[in-house]
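Each ligand, and each atom within it, is numbered from 1 in the order the structure gives. We use all heavy atoms of the structure for the numbers below, so side chains are in, but hydrogens, waters and symmetry mates are not.
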Amino acid sequence: MSVIQVEHLEKKYGRFRGIEDLVFEVRPGEVYGFLGPNGSGKTTTIRTLLGMLKPTAGRASILGLDIQRDSVRIRQKVGYLPGELNLYPEMTALEVLRYFADLRGMKLGKEVHDTIEKLKLDPRKRIRDLSKGNKQKIGIIQAFMHHPEVLILDEPTSGLDPLMQYEFDQLILEAKKQGKSVLLSSHVLGEVDKTADRVGILKEGRLIVQSTMQELKCHATQQIEVEFVTAPSQEALVNIPGITDTQVQGNRAIFTVSGKMDSFIKTLSRFEILSLRSLSADLESLFMDYYREDSHAQRV
Ligand SMILES: Nc1ncnc2c1ncn2[C@@H]1O[C@H](COP(=O)(O)OP(=O)(O)OP(=O)(O)O)[C@@H](O)[C@H]1O
């Protein structure tokens, strides 16, 4: 059974499009990266799933509960981080976290204090004195604190520095290890690529692509730097299937490989090779292509 099941969900704001005909699922123990540029409908989807907005068509369920009928029970079972967090400015970080814990009938345990430390949040500071990133940490901690089976996080890492992004990834990977399911929205692929199993890309209210991260990586171009024992002739390196660009300098070459590596590796095996180094896959530019192009292709 899917943990989140979305069937032809639509939300219009009067005449204006929010989301249209959304179909996707989040499976048990899966991290689903919900990606899209500004205004593509990520927040509308999440707010509809949590019963804050009424869908204009379609249906969805979370843990088998209907998003319209059972929204109160859903909210109890889900850890939610809203896109915009409104916190009382005069309270300290710790007071706010205690307040969230009280709402859930729990005490702040050692685990929460450990996370406060890991994320380097100063619990004594007042909300009004905290930076955007530090406020975001409070949002993240409250979403995880009651050990929910499902996490729905709207742009959780906006405002976090790379070190904190790393700590956040560890929290997500730990939750995944415990079998939890996560819907993680972002407008940047790099924010979900260490944790997501699958991604869905939204554009103008519609899902234009669904893919596993593995498959997405297969479609991304990748640069491979090869050092040959003796410089190969230029002719020997042209027309290799899957190679979109080759730069040769002396006995070194950088190949831009698109898709599968198989033909490339087989061609290389004819040469005597000193070293081979993979430069990182260019996922970001693949992602930008999806944002730009009008494709409505659907890959799963
Ligand atoms: N209350 C509203 N009334 C009218 N249109 C709205 C309302 N809220 C959102 N929209 C529209 O719905 C569309 C989707 O917006 P939404 O906020 O869901 O996108 P998003 O992907 O979360 O964007 P961002 O990354 O900027 O937060 C946009 O065109 C937006 O203008």
Side-chain angles (χ1 to χ4, degrees), residues 4-26 31-60 62 67-68 71 74-75 78-87 131-133 135-140 142-143 150-161 164-165 168 172 182-193 195-196 198-211 216 283-284 286-298:
I4 301 179
Q5 179 92 47
V6 178
E7 294 167 55
H8 306 286
L9 200 65
E10 175 195 278
K11 169 67 193 170
K12 283 191 178 147
Y13 297 98
R15 285 184 299 115
F16 299 105
R17 145 194 90 65
I19 48 170
E20 284 174 322
D21 200 27
L22 275 201
V23 179
F24 71 94
E25 59 169 354
V26 180
V31 178
Y32 188 93
F34 196 50
L35 301 167
N38 294 136
S40 55
K42 303 180 296 293
T43 300
T44 300
T45 306
I46 288 175
R47 289 172 65 83
T48 308
L49 287 178
L50 290 169
M52 291 173 241
L53 295 171
K54 197 168 149 29
T56 42
R59 59 185 300 280
I62 299 179
I67 57 162
Q68 291 201 71
S71 66
I74 287 176
R75 291 290 292 277
V78 169
Y80 168 53
L81 172 72
E84 272 171 37
L85 203 59
N86 287 317
L87 301 171
S131 66
K132 179 176 186 299
K135 277 188 225 156
Q136 192 72 350
K137 292 175 191 174
I138 297 177
I140 292 170
Q142 67 75 31
V150 185
L151 287 146
I152 297 184
L153 309 173
D154 195 356
E155 307 248 4
T157 49
S158 66
L160 295 191
D161 62 44
M164 288 307 122
Q165 165 84 47
F168 173 78
I172 295 288
V182 189
L183 178 70
L184 192 59
S185 95
S186 177
H187 57 277
V188 188
L189 182 63
E191 287 182 355
V192 307
D193 74 338
T195 50
R198 288 190 304 138
V199 293
I201 301 181
L202 265 185
K203 187 178 177 185
E204 293 169 9
R206 287 177 174 269
L207 260 185
I208 55 161
V209 172
Q210 281 197 81
S211 169
L216 207 61
L283 278 178
E284 224 40 78
L286 176 84
F287 190 46
M288 291 307 285
D289 287 346
Y290 281 128
Y291 274 17
R292 270 189 289 261
E293 76 185 18
D294 284 334
S295 152
H296 281 239
Q298 183 114 340

May I ask you to decide if Lys54's main-chain N or O and Lys11's side chain share a donor-acceptor pair within less than 3.5 Å?
yes
Between the side chain of Thr44 and the main-chain N/O of Gly18, is any donor-acceptor distance below 3.5 Å?
no
Give every residue pair that meets the ring pair (Phe, Tyr, Trp, His ring centres under 6.0 Å) criterion with at least one member in residues 32-56, sequence neighbours excluded.
Phe24-Tyr32, Phe24-Phe34
Just to verify, what does Arg59 make a salt bridge (charged side-chain N to carboxylate O under 4.0 Å, His left out) with, not counting sequence neighbours?
Glu7, Asp66
Apply side chain to side chain donor-acceptor pair (under 3.5 Å) to Ser71 and list each qualifying residue two or more places apart in sequence or on a separate chain.
none
Name the residues with a heavy atom less than 4.0 Å from ligand 1?
Tyr13, Arg17, Gly18, Pro37, Asn38, Gly39, Ser40, Gly41, Lys42, Thr43, Thr44, Glu155
Closer than 3.5 angstrom, by distance alone: can the side chain of Gln136 be matched with the main-chain N or O of Pro156 as a donor-acceptor pair?
yes
